[in-house]
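Quick caveat: nothing in here was measured; it's all calculated off a predicted structure. Both ligands and their constituent atoms are indexed starting at 1 by order of listing.
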Amino acid sequence: MPAVTDYITKNRQRYVDELFELLRMPTVSADSTKKQELIRCAEHLVRHFAAIGLTAKLVKTPGHPIVYAEWLGRPGAPTVLYYGHYDVQPADPLELWKTPPFEPTIKGGNVYARGSSDDKGQFFLHVKAAEAHFKAGDGPPVNIKFIIEGEEEAAADNLEKYIADNTKLLACDHIIVSDTAQFDQGCPSICYGLRGIVYMEIIVTGPNRDLHSGEFGGTVANPANVLGRMISRLHDDNGRVQIDGFYNDVVELSTAEKAEFARLPFDPEKYRKSLDLPQLFGEKGYTDLERVWARPTCDVNGIYGGYMGEGGKTIIPAKAGAKISMRLVPDQDPETIERQFIAYIKKITPPSVRVEIITHGKARPVVVPTDSPALTKAREALRKAYGTEAVLMRGGGSIPVVETFKRELGVPAVLLGFGLPDDALHSPNEKMSLEQFHRGILTSAYLMELLAE
Ligand code: BES
Ligand code: MN
Ligand code: MN
């Protein structure tokens, strides 16, 4: 191991330079004009894996390609599968970025770029740990497989299908996913639960064209007004979701798990201040950590309709719409929630307009055991790299493949997150701490050793 950790330290700068190459690629999976950029990034990764010593291939899908790489040079040793995603969220609103989103810039020990923490900086650290084992030793002590997808942020189902069709190829003993954040700075963490999601869009249509709001106002329903009223009926004043049956399958937290949450050093006041909020808000009867990790939500992600240009324009818009996502917890089923949402929207749509409802994506919630061998080894690796004990946490976000891995491969993933809570995922000025990147590489290199035992 000393040779491996030495190699990691000596190559620190080059590792960062290589991460920069990835970060310069605008791999926005939601943007159809970026299709070639995603292909270019996938091809780059295939070459990179091959150069390190793995066998790598690009897998075409109806959407963006998957990159698969493996090295099975340790017959008899366990096989570890690493997952990551090379696609990123859209960078807009661009004007709020202090440095360009696809020109990685170092400031104060952080690299600022879209995708730096989510997820390029995080999956790449395992690639670099593997490289260190190849170049400074006689290869990794375990068999390794990498699956890096290009559609995580797009909630597509091509990866799920690929996994279901290739369970033999992907067979493994352990799965490591670095795509979450630590509980706090200086607080290495392992995540054991993620929320699911159902992502919908509703489009309310009124008259066949935008109308003069004076000439027609008072005789037709305004789709934007109607949409607003409908959205207001998604919750009551206490933040309870009003969709019929929404909470039917929600598993309440055990007293023990509530106590675990309460033991974590969470400071609501610090949290409030970090978001510049006058007050926090959430469903009554739960703590903030309970709300974000173990309670379902329903949130408007965007609203459109009517005139948004400069000055005023007196119209009744022909249509208005909203993108709405619901975060799910065990044992809520995305299909059931989708049906309940559609039924509720239809119920509250007044007869004066038409409504169209579209499903954009679905993923199941997941919780993994906190005593699996891999998770125990991951704690040990964190202890070695950070010199401090890791905490167990859940996450409020979704990584659809984690549930797929559990169901299709029968392996619970270890969510070994090296992000920090202020990394600004999906926001302007996303960053990754370079110290976390470096320590993550060390942790991963240790973990390969520990999993070989
Ligand atoms: N890495 C995130 C998920 C995440 C972030 C989990 C922080 C826990 C803590 C992932 O890239 C993500 O953003 N997923 C999407 C999935 C959706 C588009 C289906 C999400 O959660 O919105
Ligand atoms: Mn991610
Ligand atoms: Mn994301």
Looking only at protein heavy atoms, which one is nearest to atom 21 (O) of ligand 1, and how far off is it?
R327 NH1, 2.7 Å
Could you tell me the residue and atom name of the protein heavy atom closest to atom 18 (C) of ligand 1, and the distance to it rounded to 0.1 Å?
E153 O, 3.6 Å
Of all the atoms in H85, is at least one N, O or S atom closer to the Mn ion (ligand 3) than 2.8 Å?
no
Give me the residue, atom name and distance of the protein heavy atom closest to atom 11 (O) of ligand 1.
E152 OE1, 2.7 Å
Salt bridge flag under 4.0 Å for residues E335 and R339
no
Write out the residue and atom name of the closest protein heavy atom to atom 7 (C) of ligand 1, then the distance separating them to 0.1 Å.
L425 CD1, 3.8 Å
Are R291 and Y286 in a cation-pi contact, defined as NZ or CZ under 6.0 Å from the six-membered ring centre and within 45° of the axis?
no
Salt-bridge present (D244, K347; N to O < 4.0 Å):
yes
Under 2.8 Å: N/O/S of D179 next to the Mn ion (ligand 2):
yes
Could E18 and K120 be called an ion pair, given the rule that one side-chain N must be under 4.0 Å from one carboxylate O?
no
Ligand 1 contact by Q89, heavy-atom criterion under 4.0 angstrom
no
Would you please say whether a donor-acceptor pair under 3.5 Å links the side chains of N158 and E151?
yes
Flag the pair Y192 / L415 as yes when at least one side-chain heavy-atom distance between them is below 4.5 Å, and no otherwise.
no
Does any N, O or S atom in D119 come within less than 2.8 Å of the Mn ion (ligand 3)?
no
Is R12 salt-bridged to E435, cutoff N-O under 4.0 Å?
yes
For atom 19 (C) of ligand 1, which protein heavy atom lies nearest, and how many Å away is it?
A155 CB, 3.6 Å
So is R195 in contact with ligand 1, going by heavy-atom distances below 4.0 Å?
no
For atom 16 (C) of ligand 1, closest protein heavy-atom neighbour:
S398 O, 3.5 Å
State the atom name: nearest N, O or S atom of E153 to the Mn ion (ligand 3).
OE2
Under 3.5 Å, is there a donor-acceptor pair linking the side chains of E37 and T27?
no
Can you list the atoms of ligand 1 that are under 4.0 Å from a heavy atom of I197?
19 (C)
Polar atom proximity, H85 to ligand 1 (N or O, under 3.5 Å)
yes
For the Mn ion (ligand 3): the N/O/S atom of D118 at shortest distance
OD2
Please determine whether any non-hydrogen atom of D179 lies less than 4.0 Å from an atom of ligand 1.
yes
Heavy atoms, side chains only, cut-off 4.5 Å: are R364 and L328 in contact?
no
Ranked by distance from atom 6 (C) of ligand 1, the top protein heavy atom is G397 CA, 3.6 Å
Measuring only between side-chain heavy atoms, which start at C-beta, is N248 closer than 4.5 Å to Q340?
yes
Is a salt bridge present between K362 and E338, judged by a nitrogen-to-oxygen distance below 4.0 Å?
yes
